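The structure under discussion appears below in the form of structure tokens.
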Amino acid sequence: MITINKKRFKEHFRRKMNNLYAQTLEEASNEELFNVLCYVIKDMISKDWEGSRIYQEKAVFYFSIEFLLGRQLKSNLSNLGFEDTIRQGLNELGIDLDEIVESEPEPALGNGGLGRLAACFLDSMASVGISGHGYGIRYKYGLFEQKFVNNSQVEVPENWLINSSYSWETVRPNRALLIKYEGKINMEEDNEGNLKVTHKDYIPVMAMPYDIPIIGYGNECINTLRIWKGEIPTRDFGKISLYAKNQAASYEDALKYKYYAEEISQTLYPNDSNYAGQLLRLKQEYFFVSAGIQDIFRKCRRYKITPQDLPNKIAIHINDTHPALCIPEMMRILLDEEGLSWDESWDITNKVMSYTNHTILCEAMERWSEDIIKKLLPRIYMIIEEINRRYVNDLRKKGHSEDKVKRMAIMYDGEIRMANLCIVSSYSINGVAGLHTRLLKEEVLNDFYEEEPYKFNNKTNGISHRRWLISSNPELANLITELIGNKWIKDTSHLKELEKFVDNENVLNRLEEIKFNNKLKLANYIKENNNITIDPNSIFDVQVKRLHAYKRQLMNILHVLCLYHEILDNVDIELDIQPRTFIFGAKAAPGYYLAKCIIKLINCVSNLVNNDPRVKDKIKVVFIENYGVSLAEKIIPAANVSEQISTTTKEASGTSNMKFMINGALTLATLDGANVEIYQQVGKENMFLFGLSAKQVLDYNKYGGYSSKDLYHSNKLLRRVVDDLVDGFIPGLGKEGREIYDALITYNDEYFVLRDLDEYAESQQRISNLYKDKMKWNKISLINIANSGIFSSDRTINEYIEDIWFKGCDENV
Ligand code: 26W
């Protein structure tokens, strides 16, 4: 256990300030204070970090093109148990820890759900004490910063490395690796008749590793997130091609080459639902995959692990298909560098790889053109071709129809289907919530499921309760500990013990008080940043997530318009409306026009409603700019209502639903994704359910029968809000209103917004009614917290460990 002593900490802190900046504490900026604190902590953990790198029973390598870490200082201090001592120590030095916390740059190396899940998983792997490490990309620019200009989204580059480095990371030049693109493959038999494969005339790029420590809670386990940066090779990698030298022949070419290498880790693709197939993206995917797999082999050689023993010593996890090239890259090394046979290599690769699917949206599925892969990665192309040839042969031998073979092939019609590659080559394939996994088995991946049912399993997502409760809502965490002791921190199933207090008025009042304090803090933030005054006594109704048509922010704002009309229709009578603040936070992919139109709509409605005196502040709409992890930590603890209203079948899991629940918000939801699991925990009496069932949606999609036009013509209230989009009722909304109108009416409302709007409005009415009875509301809030324990990512990670990574595929073969 790492210990801390306040006096020594203060000395250490002063000394470090002097070492790094040759100045006194008084002269330092908050950024400098952050850097110093960061280095002091790194000094304190360095022994344990080193120790954790030594192999334990089995090591897990989690490959993900995104890791949405968020700020690390507070959660690191909390996991180390240092927060109080350091707060006091700094205080005695005249420094406020909270100010330092706010000056930490935020690495936004992810888009949303997938990247944030990867970060929660790192936290849980370290906290349950396994050797589990992440491999990713060190993007120079993370997810863009969002600004609103004239109510529209404008994207600004996010420069988290503005000071050129990040204090948590350690660069390791002697572990840099070479990645090879393009060129020609030469195959020759040597004197003994063995095939020798050489890669000639390739373009070499150097992958430079940067390590970030991942600190477990209350144990000595410190794992590593290793992210790679693209550079021109400056080190001697032995016999590399002459490309670098040749290119340096002219200054112009040298610059071009530098650009080629550095461009690879320059920016995170801001798309999280639409596959675009750009060459640079493929370069990124191969870049971190090849670096990671080479790195694993290097470690194994150092620890004298033979290729044959790999399945017992390591597990490689492929987070969605973006790292799918792990498979042919591992085959390449086993075949070409280790000299193993195809069958042996295939057997090892199969026993090491597991894969998670995160979406069933067809437009998000990666399919690379064969030509692109052939040119950029000639050896990888050959290997994929051979995997496909053998697989298709097997299918035919088993007597499958040509139609089925076509559907299941990895290569078809000039394209390589990455999901198929992952399924064929992994021993485990999992979905991220019960319904999602069922849909994979029964619909989307049914052919594969019928072929190898034992490979498929469910792992319902989870969240780090350390970050999302202990660190972001300390008052609530303290109350819980006061009531049931601290066992829940290590094992969240103990939260269930809170149910003893459901009728305890004193406890319920304190719960309400804590929520109120959090709302007050958020109200202050909104006043400062959006210059909107909101009432902390109003219901805080929150929808924060990426903007996507299937997530239906549109339904939420159309309902606000319904309420607005209701108020205007009844200006003369005092309507009994429970005051409500609708809070939105969402970034749209820069090229996603409809999503941007919806952002504009929300902003315009916000201006309209907030500034109409007839509304008498009964409803307010706030769109918080630049939603991200740090903002989520402020917003979620302040929420009364959690909006989880995706079109049923479309949201694979959702994870904010879990974060809201553990912070005591009540869930307004469709039975989609992990909302189903929430329902299984608390029952329909403790949440607000509405909307089409999965079966209804599937039936509509298969057999048709839905007409948004018919609904529009038959329902006056619906018609009114839809017409608002195009008749000038909403000032500032121009052609964007027409775009949304067309999606709803001309293109038959793909996501059933109008179909579900009535039932949604009814549920909202039930929410208003319930909120009048504060004790009843608080009781349900407590029931939600008490039953949220299952959503800790520690539970999820333990399931991955037991059913996938440490079990391997022994029982399956
Ligand atoms: C453009 C290529 C692309 C396609 C899909 C990039 C990124 C994706 C991700 C898989 C999208 C994503 O983040 N999916 C979300 O994953 C979460 C974690 O499992 C789930 O909770 C969300 O429901 C799912 O949308």
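Computed from a predicted model, the values in this text were never measured in an experiment. Heavy-atom basis, side chains included; hydrogens, waters and symmetry copies ignored. Note that ligands are numbered from 1 as they come in the structure, with each ligand's atoms numbered from 1 the same way.
- The single protein non-hydrogen atom nearest to atom 21 (O) of ligand 1 is Gly654 N, 2.8 Å, given as residue, atom name and distance.
- For atom 25 (O) of ligand 1, the closest heavy atom belonging to the protein is Glu651 OE1, 3.0 Å.
- Close approach to Asp320 involves these atoms of ligand 1, each under 4.0 Å from a residue heavy atom: 10 (C).
- Comment: Arg417 does not engage Glu415 in a salt bridge, judged by the lack of any side-chain N to carboxylate O separation of less than 4.0 angstrom.
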From CA spacing to verdict: salt bridge (Lys or Arg N to Asp or Glu O under 4.0 Å), Glu155, Lys596
CA-CA 11 Å; Glu155 301 92 28; Lys596 289 183 143 182; 2.7 Å; yes
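- Taking each of His358, Arg281, Lys459 in turn, the one with a heavy atom nearest to atom 19 (O) of ligand 1 proves to be His358.
- A donor atom on one side chain and an acceptor atom on the other are not found under 3.5 Å apart for Gln553 and Lys545.
- Counting heavy atoms under 4.0 Å from ligand 1, residue Glu366 does not touch it at all.
- Checked against side chain to side chain donor-acceptor pair (under 3.5 Å), Asn79 has the following partners two or more places apart in sequence or in another chain: Asp123.
- When only non-hydrogen protein atoms are considered, atom 5 (C) of ligand 1 lies nearest to Asp272 O, 3.6 Å.
- Residue contact check: Ala652 has heavy atoms under 4.0 Å from atoms 23 (O) of ligand 1.
- For the atom pair CG of Leu554 and CG of Leu757, the computed distance is 9.0 Å after rounding to the nearest 0.5 Å.
- For the pair Glu66 and ligand 1, the shortest N or O to N or O distance does not fall below 3.5 Å.
- Between Tyr62 and His317, the ring-plane angle classifies as parallel under the 30° and 60° cut-offs.
- Of all the heavy atoms of Asn461, the ones lying under 4.0 Å from any atom of ligand 1 belong exclusively to the side chain.
- Each of Phe61, Phe287, Phe288 was compared with Tyr135 under the ring-ring contact (aromatic ring centres under 6.0 Å, His included) criterion, and only Phe61 meets it.
- Salt-bridge formation is not detected for the pair Glu370/Lys374: no Lys NZ or Arg NE/NH1/NH2 atom is positioned less than 4.0 Å from an Asp or Glu carboxylate oxygen.
- Interface atoms of ligand 1 facing Tyr550, defined by a heavy-atom separation under 4.0 Å, are 25 (O).
- At a cut-off of 3.5 Å, with distance as the only test, a side-chain donor of Thr356 or Asn430 sits close to an acceptor on the other residue.
- Here Leu114 has heavy atoms under 4.0 Å from ligand 1 in both its backbone and its side chain.
- Listed by number with element, the atoms of ligand 1 under 4.0 angstrom from any heavy atom of Ala364 are 4 (C).
- If you check which protein heavy atom lies closest to atom 1 (C) of ligand 1, you get Asn274 O, 3.1 Å.
- Contact analysis puts His322 in contact with ligand 1, with a non-hydrogen atom separation below 4.0 angstrom.
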